[in-house]
Amino acid sequence: MFQDPWMEMMKKTLTKALCLIFLFNISAFGNSASGFIHPDNKLVPKNSDMVRKVLLGEFKKNLSGPEVIRLKKQTLTYSGKAIPALIQVMKSDTYPDKNRWVATFLVGRIMGKKSSPFLAKFLKHPNWVMRMASLKTLLALKEKSYSVAYAKALKDRSLIVRKQALENIRKLGLNDKGAEVWSMLYDKRNYYNPKDGQKKRTNLIREAIKTVGDLKFEKAKTPLLSMAQKDKYEDVFSEIDYSLSKITGKKSPDDTNLKKRFWKKMAISNQTI
């Protein structure tokens, strides 16, 4: 059976991203109030050069899930002495991508918000994995001061990175970035063309529509009310309905047809104001 090359490429990219996200979940952050858990510093070597040598050797390996957990625990016992090695792993493309990903999160975990300026530099890194790792770590740090950089990342050449930037903006409640999120609906890279040649919306468009609602982007209300009445937006109607409810503070009826009538009445009322 013929396979769409674009879809095959996206499947491979998504698979890689999901693997990395799995590693993030098992190797970096805990459930403490600050977003981190603190290691039990019992086995800290006396020699910093030895720590660096040991860690660089470990991060060169192609590690499995359990091995990543072991390396995480080992690294955390070294605390700040691990930072020089972790930074070297982050900066060098001679290490496996997944290990550079883990190193990024560990820098954030050990240093906390003090690492933010350094991590933010990787938002412009040529490797999408490092851009993604930087975004995820800054999100875990609840770092809001790089909102401008997150907004720029909404136009990243990687769809996966654009998705993560959108998540950062939504979860951090960066309401002043509503216009940038809305502009994602006009970015042709957020659509794909299957075999029939008809442009289709990716899930990223659905998430962007919901996010403008979460951000209560008032300027999206009128176009969303218009979109709610058109059949060509049927595939994203639930997201439109969600955002309109968030922006207007009004809950539409449960029935889909009644929902459309509800928003139509509001659109008419909106035009007469």
Side-chain angles (χ1 to χ4, degrees), residues 14 16-41 55 59 63 65 68-80 82-87 89-91 95-125 127-154 156 158-177 181 204 207 210-211 214-215:
L14 285 169
K16 184 175 182 181
L18 288 171
C19 289
L20 291 171
I21 291 170
F22 170 74
L23 287 174
F24 162 71
N25 289 332
I26 66 171
S27 67
F29 299 99
N31 296 318
S32 67
S34 64
F36 302 104
I37 56 175
H38 300 285
D40 181 9
N41 298 317
L55 285 181
F59 274 90
L63 303 173
V68 169
I69 295 174
R70 174 193 56 77
L71 180 56
K72 174 218 46 172
K73 292 180 179 179
Q74 178 184 351
T75 303
L76 291 176
T77 63
Y78 302 151
S79 189
I83 295 299
L86 294 173
I87 289 176
V89 172
M90 288 175 65
K91 289 183 173 181
Y95 294 87
D97 279 349
K98 63 182 179 181
N99 294 357
R100 297 174 76 189
W101 173 280
V102 170
T104 304
F105 296 124
L106 288 173
V107 166
R109 181 167 176 178
I110 292 170
M111 293 183 65
K113 285 200 172 186
K114 291 181 180 179
S115 66
S116 296
F118 173 71
L119 294 170
K121 293 179 180 179
F122 285 81
L123 294 175
K124 297 181 180 179
H125 197 278
N127 187 336
W128 73 267
V129 171
M130 298 307 294
R131 299 197 301 276
M132 177 82 164
S134 176
L135 282 167
K136 266 199 166 293
T137 307
L138 289 168
L139 174 58
L141 289 167
K142 298 179 174 61
E143 186 60 82
K144 295 185 177 184
S145 57
Y146 295 96
S147 61
V148 173
Y150 302 154
K152 287 183 179 178
L154 294 175
D156 193 273
S158 165
L159 184 145
I160 302 297
V161 174
R162 296 199 297 276
K163 184 177 184 297
Q164 183 59 50
L166 181 64
E167 183 178 345
N168 281 36
I169 289 171
R170 178 177 61 82
K171 288 190 173 181
L172 293 174
L174 302 176
N175 291 3
D176 62 329
K177 299 305 172 189
V181 172
L204 187 54
E207 292 177 25
K210 289 188 70 173
T211 299
D214 290 326
L215 301 180

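For V89 against N99, the heavy-atom pair with the smallest separation is CG1-O, 4.0 Å. Counting all heavy atoms, side chain and backbone alike, Y95 lies closest to F59 at CD2-O, 3.4 Å.
To the nearest 0.5 Å, atom NZ of residue K177 and atom NZ of residue K152 are 9.5 Å apart. With rounding to the nearest 0.5 angstrom, the CZ atom of R109 is 4.5 Å from the CG atom of L76. To the nearest 0.5 Å, atom OG of residue S147 and atom CG of residue N175 are 11.0 Å apart. Expressed to the nearest 0.5 Å, how far CD of Q74 lies from CG of L55 amounts to 6.0 Å. Interatomic distance, H125 NE2 to L123 CG, rounded to the nearest 0.5 Å: 11.5 Å. Residue L174 holds its CG atom at 11.0 Å from OG1 of T211, rounded to the nearest 0.5 Å.
Looking at T75, its side chain does come within 3.5 Å of a backbone N or O of L71 through a donor-acceptor pair.
Put simply, the side chain of L86 reaches to within 4.5 Å of the side chain of I110, judged on heavy atoms. Residues F118 and M90 are in side-chain contact: their nearest non-hydrogen atoms beyond the backbone lie under 4.5 Å apart. Contact check for K72 versus V102: no side-chain heavy atoms found under the 4.5 Å cut-off. Counting heavy atoms from C-beta on, the side chains of M132 and F122 never come closer than 4.5 Å. Between R100 and N127 there is a side-chain heavy-atom pair separated by less than 4.5 Å. Two residues are said to be in side-chain contact when any heavy atoms from C-beta on lie closer than 4.5 Å; L141 and S115 meet this criterion. In this structure, the side chains of E167 and L135 stay at 4.5 Å or more apart for every pair of heavy atoms.
When each of R162, R131, Q164 is tested with D156 by the rule side chain to side chain donor-acceptor pair (under 3.5 Å), just one qualifies, namely R131.
Taking the six-membered ring where the residue is Trp, Y150 and Y146 present tilted rings, their angle falling between 30° and 60°.
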